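Here the structure comes first, spelled out in C-alpha cells, and everything after it is commentary.
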Amino acid sequence: MNGWFLTAGVLLFVAFFVHTLSGNALYSAARPDRSWHRAYDAWLMGRCGMQLIGTDLLLAAGFLLAVGLGLIPRSRTLEVFLWLTYCGWTVGWLLSLAVERPEARYYLRLCQWVLFLTIAILLGVGIFA
C-alpha cells in the first residue's frame, strides 16, 4: 500500500467531481451567442477541453488508487509520467497566468496550480521515497 498515491488519488477523484459540477456550471454561464461565430468556436473548443481534463483527472485518480491499494502492479514508467504531467501542469498553469499578467488575486482565485503542485509532490514522494 502506498499512502502517498492513495492521498493523490483521492484528491484527484474529488477534483474530478468539483471540475465536473462547478466547472461545468461556470463554463456554461460564459457561453456566447452562436451568432458570434469566432467566440462561439473558441468557447466550444474550450468546452471540449474541459471534458478532456475531466477524463484525465478521473483516469489518473483511478490509476493512483489502484496502485496505492496494490490492486495493480506498480509501473515506475507510468508513475514518473504522471509525476512529470503534474509538474508540467503546475508550471504551465503558472506560466499561462504570468503571460496574461492578471491581478495578483487571480493566482489565488484560479488556484488549480495548487492542486497540480500538491499532486506532483505526493507523487514525487510516493515514487522516490
Side-chain angles (χ1 to χ4, degrees):
M1 187 174 315
N2 186 320
W4 302 104
F5 287 177
L6 289 175
T7 303
V10 168
L11 285 173
L12 288 175
F13 194 67
V14 170
F16 165 76
F17 282 105
V18 170
H19 173 81
T20 300
L21 298 176
S22 66
N24 231 2
L26 182 65
Y27 211 82
S28 292
R31 180 182 182 167
D33 187 280
R34 287 184 189 208
S35 64
W36 300 356
H37 297 293
R38 292 197 42 88
Y40 183 75
D41 289 350
W43 176 85
L44 192 55
M45 188 181 305
R47 179 88 164 161
C48 292
M50 285 237 352
Q51 305 315 317
L52 294 174
I53 292 167
T55 301
D56 286 353
L57 293 171
L58 186 60
L59 289 174
F63 173 76
L64 290 171
L65 290 171
V67 170
L69 291 170
L71 299 175
I72 60 174
R74 290 190 62 174
S75 169
R76 187 145 186 102
T77 303
L78 287 175
E79 293 168 8
V80 170
F81 174 78
L82 275 180
W83 175 68
L84 289 172
T85 298
Y86 283 94
C87 288
W89 282 11
T90 302
V91 171
W93 194 268
L94 288 171
L95 283 176
S96 294
L97 285 173
V99 165
E100 293 299 327
R101 291 183 239 149
E103 296 174 23
R105 65 186 171 104
Y106 283 100
Y107 283 85
L108 293 176
R109 183 176 166 139
L110 301 173
C111 63
Q112 289 87 334
W113 63 271
V114 173
L115 172 69
F116 303 151
L117 178 61
T118 302
I119 298 300
I121 291 169
L122 289 169
L123 288 175
V125 173
I127 294 168
F128 302 111

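As the structure is a computational prediction, the values presented were derived from the model and not from experiment.
- The CD atom of Gln112 sits 11.5 Å away from the OG1 atom of Thr90 when rounded to the nearest 0.5 Å.
- Residues Phe16 and Leu58 come closest through the heavy atom pair CD1-CB, 3.8 Å.
- Residues Ser28 and Arg47 form a side-chain contact, since some pair of their non-hydrogen atoms from C-beta on lies under 4.5 Å apart.
- Using a 4.5 Å heavy-atom threshold, the side chains of Glu79 and Leu64 count as separate.
- Both Ile53 and Leu110 are part of a single hydrophobic cluster, where members link through side-chain heavy atoms under 4.5 Å apart.
- In this structure, Ala61 and Leu12 approach most closely via the heavy-atom pair CB-CB, 3.7 Å.
- Ring geometry for Tyr27 against Trp43 counts as parallel: the plane angle stays under 30°, on a 0 to 90° scale with 60° as the upper cut.
- Follow the hydrophobic side-chain contacts under 4.5 Å out from Val114 and you reach Leu94 in the same cluster.
- The NE2 atom of His19 sits 11.5 Å away from the CG atom of Leu115 when rounded to the nearest 0.5 Å.
- Residues satisfying the side-chain contact (heavy atoms from CB on, under 4.5 Å) test with Ile72, not counting sequence neighbours, are Phe63, Ala66, Val67.
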Residue pair Trp89, Cys87: steps toward the side-chain contact (heavy atoms from CB on, under 4.5 Å) verdict: CA-CA 6 Å; Trp89 282 11; Cys87 288; over 6 Å; no
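- Taking the ring centroids of Trp83 and Phe128, they lie under the 6.0 Å cut-off.
- Of the possible polar contacts, one joining the Arg76 side chain to the Ile127 backbone as a donor-acceptor pair under 3.5 Å is found.
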